[in-house]
Trainee: 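Dropping the structure in here first, questions after.
Letters A, B, ... mirror the listed sequences (proteins, then strands); counts begin at 1. For clarity, every value in this text was computed on a predicted model and none was experimentally measured.
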2 protein chains.
Amino acid sequence: MRPKNLEKEEAIRNIALQIIAEEGLENLSMQKLAKAANVSPRTIYIKYENKEDFLITLFIEDVLGAYEKAVLENFNPEADFAQGVKKIWLNTFRYLKENRNSFALLQYGKSSPLLNKAFQRENIKQGHFFAPIHHFLRLNVSKDIIRDFPHDVHRAMLFSPLLDLVNEYFDYKERPEQIITEQIILECCEAVIKGMLK
Amino acid sequence: MRPKNLEKEEAIRNIALQIIAEEGLENLSMQKLAKAANVSPRTIYIKYENKEDFLITLFIEDVLGAYEKAVLENFNPEADFAQGVKKIWLNTFRYLKENRNSFALLQYGKSSPLLNKAFQRENIKQGHFFAPIHHFLRLNVSKDIIRDFPHDVHRAMLFSPLLDLVNEYFDYKERPEQIITEQIILECCEAVIKGMLK
DNA sequence: CTTGTAAGTAAACGTTTATTTACTTACGTT
DNA sequence: AACGTAAGTAAATAAACGTTTACTTACAAG
């Protein structure tokens, strides 16, 4: 039996992310993707049932999976609140900065109904993404260090300004001013921490 | 000369927003839109040059314009900082809650390169969106009430958690728990204010 | 070293896409 | 009341779409 060419699989996924980042999800077609990856359209359909299946797998397994892993690297849920949040912010910023293409599809997770629903299904089906962060937050609530909010509200407070800043980082990336630096990220992080504390 | 049928123009825009909200921007086609609006495809091209022109106009003029107007209603840039921010948050939440379809396209503004670039061009070309909020923030910086950040960073801190909460409001809308209430919004708003203060 | 089998390809499938052509309709102006 | 003109339509355009068919290739097992 002829074995799979894993390089081709990876090329397909990477080029898909690149097209999405440069032209948008609405301009990604299977034919364009196949041509850009130097592959027959049929090759994509060996692994994926159809376009939706491909996009959902790319989003959940490739993008969200790697993103979660990077964010949680060396993160200790038992650590001091400020320490923990700073670790999360730096991990996130450093990872996304170097992975613009993944970030682009990540952003579509909030707008595209297909991806948004897939995320919710996945979150319910096999436990929560970012479970250690959930644990970290509950721990700090029970220690009376931060205010008690529903978990999704905590997540909005913790992640959304950061993701917005990453977006702005890329908007400004090729301009001389370069507004979003690691220092700004850390200062903004401190403000968010201060707001969450009791 | 036969006059324009303004009802038809409005129907086209409203149904476009509805399709985008329900099926995603990537599933909006001019033919589907024309059929759903009970109009010939050619009719759409009377007002708009092509699909991109249509989407950008819909996004900038229809969605962002109305959103800005709703957010700034009765907002006084000279008001007390906490008061001002609360007014913005309540205006935003109450407006978006009732305008899910506009909100859907608004969300695509961060992910779709077409809309993202259009927004940046527009922001540079004819002064900033939300200029009164810019003024409000600079005023509070100069009064030494809040920390000094680049304006885009301030905007990220101020708006992005709120928009995330609106997203969650719709995710939970048809479930019994109904997590995102006006009370939660206000509590979260207080946390954001606290974080921004000096 | 043949052979079974899944990986992979090129070309094609019918459908849908964005946009246009050729035509009709409705109405303010003369 | 006829006319000019822009609004509006139905049908058609070529190109691109997602997906499949029919075929070839490469390799592990016998």
Trainee: Give the rounded distance in Å between these two atoms: CD1 of A:I46 and C1' of D:dT20.
Mentor: 13 Å
Trainee: Quick one: list whatever passes salt bridge (Lys or Arg N to Asp or Glu O under 4.0 Å) with A:K110, sequence neighbours left out.
Mentor: B:D164
Trainee: Decide yes or no on ring pair (Phe, Tyr, Trp, His ring centres under 6.0 Å) for B:F130 and B:F136, but give the supporting numbers first.
Mentor: CA-CA 10 Å; B:F130 302 102; B:F136 171 67; over 10 Å; no
Trainee: Take the protein atom OH of B:Y45 and the nucleotide atom P of C:dT21, then report the distance between them rounded to whole Å.
Mentor: 13 Å
Trainee: Counting only heavy atoms from other residues, nucleotides and ligands, does the tally under 6.0 Å from CD of A:E52 exceed 12?
Mentor: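 Not more than 12 within 6.0 Å, no.
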Trainee: Compute whether any side-chain donor of one residue and acceptor of the other, for A:H134 and A:H151, lie under 3.5 angstrom apart.
Mentor: yes
Trainee: Output the rounded distance in Å from CD (B:E7) to C1' (D:dG8).
Mentor: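 My rounded result for the distance is 15 Å.
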Trainee: Closer than 4.0 Å, any side-chain N/O of A:T43 to the OP1 or OP2 of C:dA7?
Mentor: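 For C:dA7, neither OP1 nor OP2 has a side-chain N or O of A:T43 closer than 4.0 Å.
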Trainee: Report the distance from atom CD of A:E10 to atom P of C:dA7, rounded to the nearest whole Å.
Mentor: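 Nearest whole value for this atom pair: 18 Å.
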Trainee: For B:E177, look at atom CD and say whether over 12 heavy atoms of other residues, nucleotides or ligands are found less than 6.0 Å away.
Mentor: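 Buried by this count: over 12 neighbours within 6.0 Å.
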Trainee: So, applying side-chain contact (heavy atoms from CB on, under 4.5 Å) with A:L106, which one of A:N99, A:L115, A:L96 is it?
Mentor: A:L96
Trainee: Name the residue from B:K198, B:R138, B:K143 that meets the salt bridge (charged side-chain N to carboxylate O under 4.0 Å, His left out) definition with B:D148.
Mentor: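 Filter result, single survivor: B:R138.
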Trainee: Looking at the side chain of B:N50, which of C:dT19, C:dG8, D:dG8 is the nearest nucleotide?
Mentor: C:dT19
Trainee: Which parts of residues 26-36 of chain B get close to DNA chain C, meaning a heavy atom less than 4.0 angstrom away?
Mentor: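 Nucleic-acid contacts, sorted: B:L28, B:S29, B:M30, B:Q31.
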Trainee: Quick one: A:K4 NZ to C:dG8 P, roughly how many Å, whole number?
Mentor: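 Rounded to whole Å, this separation is 8 Å.
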Trainee: Taking atom C1' of D:dT20 as reference, at what distance in whole Å does atom NZ of A:K51 sit?
Mentor: 17 Å
Trainee: Summarise how protein sits on nucleotides 21-30 of chain D as a single string, 5' to 3': B when a protein heavy atom is under 4.0 Å from the base, S for sugar-phosphate-only contact, - for no contact.
Mentor: B---BBBS--
Trainee: Taking CG from B:L114 and P from C:dA18, how many angstroms apart are they, rounded to a whole number?
Mentor: 13 Å
Trainee: Starting at OH of B:Y48 and ending at C1' of C:dT19, how long is that distance when rounded to a whole Å?
Mentor: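 Between C1' of C:dT19 and OH of B:Y48: 17 Å.
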Trainee: Please confirm whether A:F103 and A:Y108 have ring centers closer than 6.0 angstrom.
Mentor: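 No; A:Y108 has its ring centre 6.0 Å or more from that of A:F103.
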Trainee: With a cut-off of 6.0 Å (strictly less than), are more than 12 heavy atoms of other residues, nucleotides or ligands near CD of A:E78?
Mentor: yes
